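Working notes for the structure below.
Quick caveat, the model's predicted, so the values are computed rather than measured.
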Amino acid sequence: IIANSSDKPHNLYLSQNYPNPFNPSTTIDFYVPESGNLNLEVFNMLGQKVATIASGYYSAGVHKQQFDASQLSSGIYVYVLKSPTEIRSRKFTLIK
């Protein structure tokens, strides 16, 4: 996601998942500029939380998370990365 240190963002960064659309699993990359607690969660289009992908303390740097959506229905979802100071979100599509 980030080629070299000069490309590193100064803020929390959330990449688009791949593949997208997906069935049933996908990968999400994100960059953490400073170590701290994060939550990566999935919401349906009604704003209801349907899954927690990751939660806990992460060191500064690039991280990858696999998400298995086999328990969810086909549709468009929003995944949200929350730090104590920033929030980033993107949409993804699950097709079964």
Side-chain angles (χ1 to χ4, degrees):
I1 112 178
I2 299 168
N4 60 50
S5 60
S6 65
D7 293 337
K8 290 183 181 176
H10 299 287
N11 299 316
L12 193 65
Y13 180 77
L14 181 60
S15 291
Q16 185 64 51
N17 67 300
Y18 57 90
N20 188 33
F22 68 99
N23 178 29
S25 67
T26 190
T27 302
I28 299 169
D29 297 336
F30 56 93
Y31 173 77
V32 181
E34 297 177 2
S35 299
N37 288 313
L38 297 174
N39 288 312
L40 182 56
E41 300 169 326
V42 179
F43 296 85
N44 64 20
M45 295 311 286
L46 297 175
Q48 300 164 322
K49 183 168 73 170
V50 295
T52 298
I53 300 172
S55 180
Y57 185 84
Y58 284 83
S59 60
V62 177
H63 300 274
K64 287 183 184 282
Q65 288 292 148
Q66 275 301 119
F67 176 54
D68 180 357
S70 57
Q71 300 300 316
L72 297 177
S73 301
S74 294
I76 298 171
Y77 294 87
V78 177
Y79 57 104
V80 179
L81 181 62
K82 299 177 189 175
S83 78
T85 59
E86 297 179 77
I87 298 174
R88 299 286 182 263
S89 64
R90 292 193 180 260
K91 290 181 186 177
F92 58 32
T93 304
L94 171 61
I95 298 177
K96 289 189 170 184

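- Cluster membership for V78 and Y13, using ILVMFWY side-chain heavy atoms within less than 4.5 angstrom, is not shared.
- Between atom OG of residue S83 and atom CG of residue L38 there is a gap of 6.0 Å, rounded to the nearest 0.5 Å.
- For the atom pair CD1 (I53) and CD1 (I28), the distance works out to 3.5 Å, reported to the nearest 0.5 Å.
- F67 and L72 make their closest contact through CZ-CD1, 3.9 Å (heavy atoms, listed as atom of the first residue, atom of the second, distance).
- Here the closest heavy-atom approach between residue P21 and residue I95 is recorded as CB-CD1, 3.5 Å.
- The two residues Q71 and K96 come nearest to each other via the heavy atoms N-NZ, 4.2 Å.
- Residues S59 and S35 approach most closely at CA-OG, 3.3 Å, considering heavy atoms.
- A distance of 4.5 Å separates CD in E41 from OG1 in T52, rounded to the nearest 0.5 Å.
- Taking CZ of F22 as the reference point, atom CG of L94 lies at 4.5 Å (rounded to 0.5 Å).
- Not one N or O on the side chain of S89 forms a donor-acceptor pair closer than 3.5 Å with the backbone of Y79.
- Minimum heavy-atom separation, D29 to K64: OD1-CG, 2.9 Å.
- In this structure, the separation between NE2 on H63 and CG on L40 is 11.5 Å, given to the nearest 0.5 Å.
- Hydrophobic clustering (ILVMFWY, side-chain heavy atoms < 4.5 Å, transitive): I87 and M45 are in one cluster.
- No donor-acceptor pair under 3.5 Å is formed between the side chain of N11 and the backbone N or O of P33.
- The two residues L14 and F30 make their nearest non-hydrogen contact at CD1-CB, 4.1 Å.
- In this structure, the separation between OH on Y77 and CG on N17 is 13.0 Å, given to the nearest 0.5 Å.
- If you chain together hydrophobic residues whose side chains sit under 4.5 Å apart, I76 and F43 fall into the same group.
- A donor-acceptor distance shorter than 3.5 angstrom exists from the side chain of R88 to the backbone of L12, with no hydrogens or angles considered.
- Between the side chains of S25 and D68, no donor-acceptor pair of N or O atoms lies under 3.5 Å.
- For CD of E34, the number of neighbouring non-hydrogen atoms (other residues, nucleotides, ligands) closer than 6.0 Å is 12 at most.
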